[in-house]
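Inspection log for the structure reproduced underneath, given as structure tokens.
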2 protein chains.
Amino acid sequence: MKMSNGVEWALHSCVTLSQSREPVPAARLAELHGTAPAYTAKQLQALSRAGIVGSTMGQSGGYVLTRPASEISALEVVRAIDGDEPAYRCTEIRQRGPLGIPAERCARPCAIARAMAAAQDAWSHALAQVSIAGLAADIDADSDGTAMPDVRRWLATTRN
Amino acid sequence: MKMSNGVEWALHSCVTLSQSREPVPAARLAELHGTAPAYTAKQLQALSRAGIVGSTMGQSGGYVLTRPASEISALEVVRAIDGDEPAYRCTEIRQRGPLGIPAERCARPCAIARAMAAAQDAWSHALAQVSIAGLAADIDADSDGTAMPDVRRWLATTRN
DNA sequence: ATGATCTCGGATATCTATTGTCCGAGTTCT
DNA sequence: AGAACTCGGACAATAGATATCCGAGATCAT
């Protein structure tokens with residue numbers, strides 16, 4: 001079970017965007033994070049499709065969060081990048097083989113699928129309670145309150 | 001985020017093995033579940049390496065659970081097949097780019113990594129409380145108590 | 001004791017999905 | 001009106017999972 005690598009980039013991008021009211025181009029985010037520009041852009045496109053960020057085209061364009069950072073959960077970001085399909089998909093093994101159960105008696109999902117779904121719900125619930133604003137605050141606290149001001153300052157800097 | 005498809009096969013195999021004290025060959029399990037024989041064998045090898053099942057070679061050999069089914073958690077099976085690496089891996093983006101934080105000040109994991117780890121812990125905790133015996137009981141209950149007796153009867157049948 | 005048969009185990013191709021990249025359409029500012 | 005900069009989707013390369021096969025080893029029957 002492996003999550004897309006782009007989730008990390010997307011979450012960092014959202015945290016960074018939460019520090020700017022002005023649009024930030026994808027290339028700028030890639031430069032700040034030290035990530036591949038083209039691929040970073042791809043993740044931002046996914047966020048845009050999901051409605052988490054809004055895009056402005058043309059000169060002085062870029063991406064902005066569409067909602068307050070406190071109202072965007074980490075779960076939304078993960079789902080936007082990694083897809084919202086559950087990690088476990090039941091192939092209905094119980095219906096196959098010599099002891100296959102007829103589909104009519106399979107109203108409820110398989111017990112194994114139920115257990116996996118419950119685990120995924122616990123995972124989702126944990127991520128739903130983490131907001132971008134909370135992440136930004138935690139990152140800031142880890143650096144004794146210097147990280148986010150530094151980001152704001154760097155974003156305000158005109159591209160040399 | 002997608003889990004290996006073999007997890008489903010492995011869990012069903014464990015539930016089936018919990019109904020037999022005699023060794024069951026991999027080919028037999030594949031036949032019962034309607035799965036590809038060669039690939040099913042591969043999953044059982046992984047379970048064997050993890051110590052969840054024991055193997056007996058030669059004629060009338062096969063696989064057996066090494067512990068009571070009530071003491072084997074679904075989490076162990078998932079880890080044996082899908083690997084025990086966490087779904088989210090931090091690339092330490094905070095150390096990169098123009099605002100990169102020096103490694104010496106990165107004693108704690110990144111706040112984003114912490115949130116993801118907490119979610120994964122919630123997921124693991126949920127699966128750790130599900131035992132193979134519990135799954136067998138639930139599957140049995142879903143079929144009004146006919147499923148597991150049917151499996152025992154089928155396993156006792158000599159291969160024509 | 002010996003042979004034959006059946007078992008697992010690891011090494012080996014195929015294939016899908018993720019990763020990574022590029023260029024065109026559209027918009028904004030000058 | 002022109003030019004430069006932006007996003008957006010379409011296009012290769014790569015890694016991992018999927019699926020398979022054959023050899024090593026043990027057991028049972030003879």
Side-chain angles (χ1 to χ4, degrees), chain A residues 1-10 13 17 20 22-31 33-66 78 80-83 85 87-89 91 158-160, chain B residues 1-10 13 17 20 22-31 33-66 78 80-83 85 87-89 91 158-160:
Chain A
M1 189 175 61
K2 156 172 171 296
M3 185 177 310
S4 171
N5 212 352
V7 169
E8 184 184 9
W9 304 12
S13 293
L17 286 177
S20 169
E22 306 290 318
V24 182
R28 209 84 208 290
L29 288 170
E31 181 190 359
H33 296 147
T35 54
Y39 196 42
T40 303
K42 191 179 173 65
Q43 315 300 344
L44 287 169
Q45 286 169 30
L47 292 178
S48 175
R49 242 172 292 164
I52 296 173
V53 303
S55 62
T56 313
M57 295 187 83
Q59 203 162 345
S60 77
Y63 291 98
V64 193
L65 294 182
T66 57
V78 171
I81 303 297
D82 209 54
E85 311 165 8
Y88 180 88
R89 279 141 311 158
T91 334
T158 67
R159 187 165 336 141
N160 63 313
Chain B
M1 188 176 60
K2 158 171 170 295
M3 185 178 311
S4 170
N5 213 351
V7 169
E8 184 183 10
W9 304 12
S13 292
L17 286 177
S20 169
E22 307 289 320
V24 182
R28 210 84 206 292
L29 288 169
E31 181 190 359
H33 297 146
T35 55
Y39 197 41
T40 302
K42 189 179 176 60
Q43 316 298 345
L44 288 170
Q45 286 169 29
L47 292 178
S48 175
R49 242 172 293 165
I52 296 173
V53 303
S55 62
T56 313
M57 295 187 83
Q59 203 161 343
S60 78
Y63 291 98
V64 194
L65 295 182
T66 57
V78 171
I81 302 297
D82 210 52
E85 310 166 9
Y88 180 88
R89 281 141 311 160
T91 333
T158 68
R159 187 164 333 137
N160 58 312

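The chains referred to below are lettered A, B, ... by the order of the sequence lines, with proteins before strands, and numbering in each begins at 1.
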Any B:S48 side-chain nitrogen or oxygen under 4.0 Å from OP1 or OP2 of C:dC8: no

Across the strands shown, which category fits A:A36 at heavy-atom distances under 4.0 angstrom: base, sugar-phosphate, nothing? sugar-phosphate

Considering every strand and a 4.0 Å limit on heavy-atom distances, what is the contact class for B:G6: base, sugar-phosphate, or nothing? nothing

So do the side chains of A:H33 and A:T40 get within less than 4.5 Å of each other, counting heavy atoms only? no

Can you measure B:E85 atom CD to D:dA17 atom C1' for me and round it to whole angstrom units? 13 Å

Using the closest heavy atom to pick a nucleotide of DNA chain C for each, name whichever of A:K2 or B:R49 lands nearer the 5' end. B:R49

Taking any heavy-atom pair under 4.0 Å as a contact, classify B:A26: base, sugar-phosphate, or nothing. sugar-phosphate

Closest approach of A:A26 and A:Y63, non-hydrogen atoms and distance? CB-CE1, 4.0 Å

Hey, does the side chain of A:S55 come within less than 4.0 Å of D:dT6's phosphate (OP1/OP2), counting only N and O? no

Does a nitrogen or oxygen in the side chain of A:T56 sit under 4.0 Å from OP1 or OP2 of D:dT6? no

Using a cut-off of strictly less than 4.0 Å, decide whether B:Y39 has a side-chain nitrogen or oxygen near OP1 or OP2 of C:dA13. no

Regarding A:A41, tell me which of base, sugar-phosphate or nothing describes its non-hydrogen contacts under 4.0 Å with the strands shown. nothing

Quick one: pull up CZ in A:R28 and CG in A:L17 and give me the separation to the nearest 0.5 Å. 12.5 Å

Could you give the CH2-to-P distance, from A:W9 to C:dT18, as a whole number of Å? 16 Å

Side chains of A:L47 and A:I81 in contact at under 4.5 Å (non-hydrogen atoms): yes

Please report the distance, rounded to the nearest Å, between CG in B:L47 and C1' in C:dC8. 14 Å

Under a 3.5 Å distance rule, please check whether A:E8 uses its side chain to pair with a backbone N or O of B:T91 as donor and acceptor. yes

For B:Q59 and C:dG3, what is the distance between atoms CD and P respectively, to the nearest whole Å? 17 Å

In whole angstrom, what separates A:K42's NZ from D:dA12's C1'? 12 Å

Measuring to OP1 and OP2 of D:dC28, would you say a side-chain N or O of B:S60 lies under 4.0 angstrom away? yes

Distance in angstrom units between A:Q45 CD and D:dC11 C1', rounded: 13 Å

Please tell me which of A:G61 and A:A38 maps to the more 5' nucleotide of DNA chain D, matching each residue to the nucleotide holding its nearest heavy atom. A:G61

In this structure, how many angstroms lie between the P atom of D:dA17 and the CE atom of B:M3, rounded? 13 Å

Spacing between A:N5 atom CG and D:dA15 atom P, to the nearest angstrom: 13 Å

